[in-house]
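This is a predicted model, so every value here is computed, not measured. All chains are named by letter (A, B, ...) in the order of the sequence lines, taking the proteins before the strands, and each is independently numbered beginning at 1.
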2 protein chains.
Amino acid sequence: MSYVDIIEIGSGCCYGFDVLDHTQTVRIDARATSPIVATPRAGLPPQRATLADVARLAGVSAKTVSRVMSDDAKVSAQTRERVLLSAKRLRFRPNQLARGLRRGGVSNTVAFVIGDLHNPFYMSTAAGVERELAERGLTMILATTDDSPGSEAVVVDALLAQRVRALLIVPIAEDQSYLEGERQLGTAVVSVDRPANNLVSDSVVLQNREGTAAAVKSLLAIGHRRIGFVCSPRQLYTHQERLLGYRHALLEAGITDSVRWERLEEIDGPSTEESIRDLLAMDEPPTAIITGNNRASAGAVRELLTRRRDIAFIGFDDFELADALGISVIAYDAMELGRQAARLALARLDDPTGPPRAISIPTWLVPRGSGEIPPS
Amino acid sequence: MSYVDIIEIGSGCCYGFDVLDHTQTVRIDARATSPIVATPRAGLPPQRATLADVARLAGVSAKTVSRVMSDDAKVSAQTRERVLLSAKRLRFRPNQLARGLRRGGVSNTVAFVIGDLHNPFYMSTAAGVERELAERGLTMILATTDDSPGSEAVVVDALLAQRVRALLIVPIAEDQSYLEGERQLGTAVVSVDRPANNLVSDSVVLQNREGTAAAVKSLLAIGHRRIGFVCSPRQLYTHQERLLGYRHALLEAGITDSVRWERLEEIDGPSTEESIRDLLAMDEPPTAIITGNNRASAGAVRELLTRRRDIAFIGFDDFELADALGISVIAYDAMELGRQAARLALARLDDPTGPPRAISIPTWLVPRGSGEIPPS
DNA sequence: CTGTTAGCGCGTTCAT
DNA sequence: ATGAACGCGCTAACAG
């Protein structure tokens with residue numbers, strides 16, 4: 001048996017209405033001197049209506065139809081009505097490809113390039129992007145690099161060939177200078193979540209340092225002195241910022257040997273669970289642990305929730321069920337990240353020469369219990 | 001202070017090159033009668049290079065360049081080299097819009113219309129769609145209806161105006177007959193997760209009944225007789241199928257009054273938590289509960305995990321942390337759902353007149369503990 | 001193997 | 001207020 005069940009419904013002739021009927025239909029087309037049969041090959045669908053088709057039916061010129069479709073004011077209400085009626089009859093739909101081509105060769109799509117579709121954080125961001133774009137009649141294309149630095153340029157290349165108006169990108173490759181040319185050609189480029197490398201561009205990032213610093217301070221306030229930091233492999237920038245916030249807050253409190261409790265995982269290195277076990281097996285184990293991203297938080301939940309409920313725990317990135325499980329987190333508005341990114345792109349399209357702007361999105365601590373456990 | 005921090009980096013003149021320069025530069029273009037001047041910076045033209053530009057630089061005709069770019073075999077290795085070199089120099093990128101327009105007025109994008117970007121289930125499906133499309137050089141456009149039946153037609157309309165090659169849609173409106181015309185015009189339509197209403201189309205759905213039936217049977221096998229079913233509002237079809245599987249399995253075991261333990265939530269009705277409390281407050285409360293989707297599962301986790309660990313619980317849809325929390329679920333390969341949907345669309349493009357196909361994706365029970373709790 | 005001509009569907013320019 | 005001609009960038013259909 002095959003992996004999936006496939007069922008054919010009915011026979012060919014039952015699919016939709018009989019296509020043979022169609023071949024008898026006549027396309028409204030002045031270019032034809034005699035009534036033409038819709039398709040030479042049986043089974044091919046009829047053609048889409050064009051501006052010219054609508055114009056003919058309405059008895060006006062193509063340009064007039066164009067004006068009506070573009071909401072150009074200079075059309076009499078009477079002809080406008082006639083045109084709209086004809087358009088509706090023919091199920092006319094302006095071809096955005098042709099429109100874009102004529103208007104400078106660009107589409108009305110914006111690309112958002114992320115590393116991984118499964119990360120809920122990116123999804124909320126994408127939702128924000130989409131909503132913001134929709135208000136301007138733009139469509140979002142979501143593309144992924146599969147978190148592989150090598151595929152970034154390939155993916156971006158395909159998108160640029162589509163003539164996306166703007167490129168919102170979570171940089172993954174080590175160098176984005178290849179986008180400089182595109183930027184000059186009028187494509188708005190916005191780096192999201194991390195700044196681009198070797199490329200001056202608008203950007204939106206989180207207040208990462210502030211987030212971990214707030215978590216550390218909160219833990220210090222209830223008496224913790226040995227605080228661990230565990231982070232799954234993600235990207236240098238986010239890692240480092242969050243680490244810096246952690247270190248800085250500890251230094252401010254006079255704790256200078258925090259490096260002992262730092263566990264920054266490499267790809268293919270030990271898992272979060274292993275890192276945490278490692279930390280807790282130390283001579284002077286931490287009494288509290290901060291995780292640097294949602295993946296590490298999942299690992300921490302697995303390791304701590306069931307066995308060590310005496311260890312305080314705060315995770316970066318909010319997640320579903322965190323409230324149900326009583327996990328304190330450093331949260332932020334991921335959707336706002338997307339909205340702001342889209343807004344930067346739109347502003348850039350309106351003003352290609354203005355100075356680049358960097359927006360940072362606030363982060364805050366959400367106490368839910370796990371972060372309020374005192375040192376034992 | 002505003003909600004976000006905005007920082008302007010540097011002054012205007014530092015952002016890329018000065019646009020005033022631009023107006024002085026002359027585009028590399030034979031149509032220009034005056035001597036051709038390259039751009040002041042790096043020799044890059046401010047305009048995008050076109051086929052004609054490349055052709056001129058390579059000393060061939062536009063068509064030859066076209067052939068090279070389309071990997072048309074009938075070009076000598078020598079001219080091919082020259083063309084490729086010129087293309088690289090000018091950073092030429094074929095305009096997919098123009099290409100699509102010429103080749104029948106369609107783009108090379110495929111739309112996937114879902115209800116909600118936040119649902120991880122759809123995200124995995126989208127990942128499957130994207131991967132499958134990428135192999136054919138197609139791009140995915142992800143659009144959302146915000147789970148609002150009214151916006152479906154609006155969203156779809158915008159996508160059709162983009163001339164997407166195919167439309168993969170999770171139907172939300174009560175009627176998809178408006179797509180019949182588009183199908184006939186050659187747009188492949190595939191309904192995902194639910195069959196379309198009043199429209200004959202290819203479709204991919206889950207084996208919903210089999211999933212709940214398996215869960216019920218597993219619970220019956222360890223002695224449960226009173227089994228509850230709770231489902232958050234989603235869509236009639238999925239609801240009903242899962243409910244039918246549940247009822248059928250109970251009937252087979254001779255349990256005919258299961259309707260007492262069914263809680264099918266309406267929008268704005270009681271929450272899952274309330275439904276569960278309601279069930280457990282009955283005279284003869286269920287000893288096991290099945291949730292019909294991931295949202296209901298989240299509610300059940302909130303309600304059961306902390307207080308009532310004596311109640312067996314199986315959720316439909318797998319979710320992150322389900323393993324860490326020991327939650328038994330009815331799982332399936334969400335990505336495969338997307339892959340199959342994309343494959344159906346591609347097959348439909350190749351053969352517009354074949355019979356419609358319906359694919360169903362297997363579901364299976366993943367025992368992790370919560371579903372193996374015996375009746376108390 | 002390569003070039004020429006024409007036109008995809010639409011919007012711009014200029015005319016009326 | 002409306003229309004005719006032209007061209008956006010590219011490729012199909014024919015040349016040669």
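The pair B:Arg163-B:Glu182 fails the salt-bridge criterion, with no side-chain N (NZ, NE, NH1 or NH2) lying under 4.0 Å from an Asp/Glu carboxylate O. Classification of A:Glu135 and A:Arg339 as a salt-bridged pair holds, one side-chain N sitting under 4.0 Å from a carboxylate O. Taking a cutoff of 4.0 Å between a charged side-chain nitrogen and a carboxylate oxygen, A:Asp71 and A:Arg80 qualify as a salt bridge. Electrostatic pairing of A:Asp53 and A:Arg48 does not count as a salt bridge here, judged by no charged N lying under 4.0 Å from a carboxylate O. Remark: A:Arg348 engages A:Asp202 in a salt bridge, criterion side-chain N to carboxylate O under 4.0 Å.
Rounded to an integer number of Å, the gap from CG of B:Leu51 to P of D:dG7 is 17 Å. Look at CD on B:Gln162: it is 15 Å from C1' on C:dC10, rounded to the nearest Å. Computed from coordinates, the A:Asp71 CG to C:dC10 C1' distance equals 16 Å when rounded to whole Å. Per the geometry, CG belonging to B:Asn95 stands 18 Å off P belonging to C:dC8, to the nearest Å.
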For nucleotides 1-5 of chain C, tabulate all protein N/O to nucleotide N/O atom pairs closer than 3.5 Å, reporting atom names and distance.
| from | atom 1 | to | atom 2 | distance (Å) |
| --- | --- | --- | --- | --- |
| C:dT2 | OP1 | B:Ser76 | OG | 3.1 |
| C:dT2 | OP1 | B:Thr79 | OG1 | 3.2 |
| C:dT2 | OP2 | B:Ser76 | N | 2.7 |
| C:dT2 | OP2 | B:Thr79 | OG1 | 3.0 |
| C:dG3 | OP2 | B:Ser61 | N | 3.1 |
| C:dG3 | OP2 | B:Ser61 | OG | 3.2 |
| C:dG3 | OP2 | B:Thr64 | OG1 | 2.4 |
| C:dG3 | N7 | B:Arg67 | NH2 | 2.8 |
| C:dG3 | O6 | B:Arg67 | NH2 | 3.4 |

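The closest side-chain heavy-atom distance from B:Leu199 to B:Tyr178 is not below 4.5 Å. Using a 4.5 Å heavy-atom threshold, the side chains of A:Val113 and A:Leu168 count as separate.
Between B:Ser66 and D:dC10 there is no side-chain polar atom (N or O) within less than 4.0 angstrom of OP1 or OP2. Distances shown here put every side-chain N or O of A:Thr50 at or beyond 4.0 Å from the OP1 or OP2 atom of C:dC8.
The stretch residues 96-108 of chain B touches DNA chain C through B:Leu101, B:Arg102, each having a heavy atom under 4.0 angstrom from the strand.
B:Glu130 and A:Thr144 are linked by a side-chain donor-acceptor pair at a separation below 3.5 angstrom, with hydrogens and angles left out of the test.
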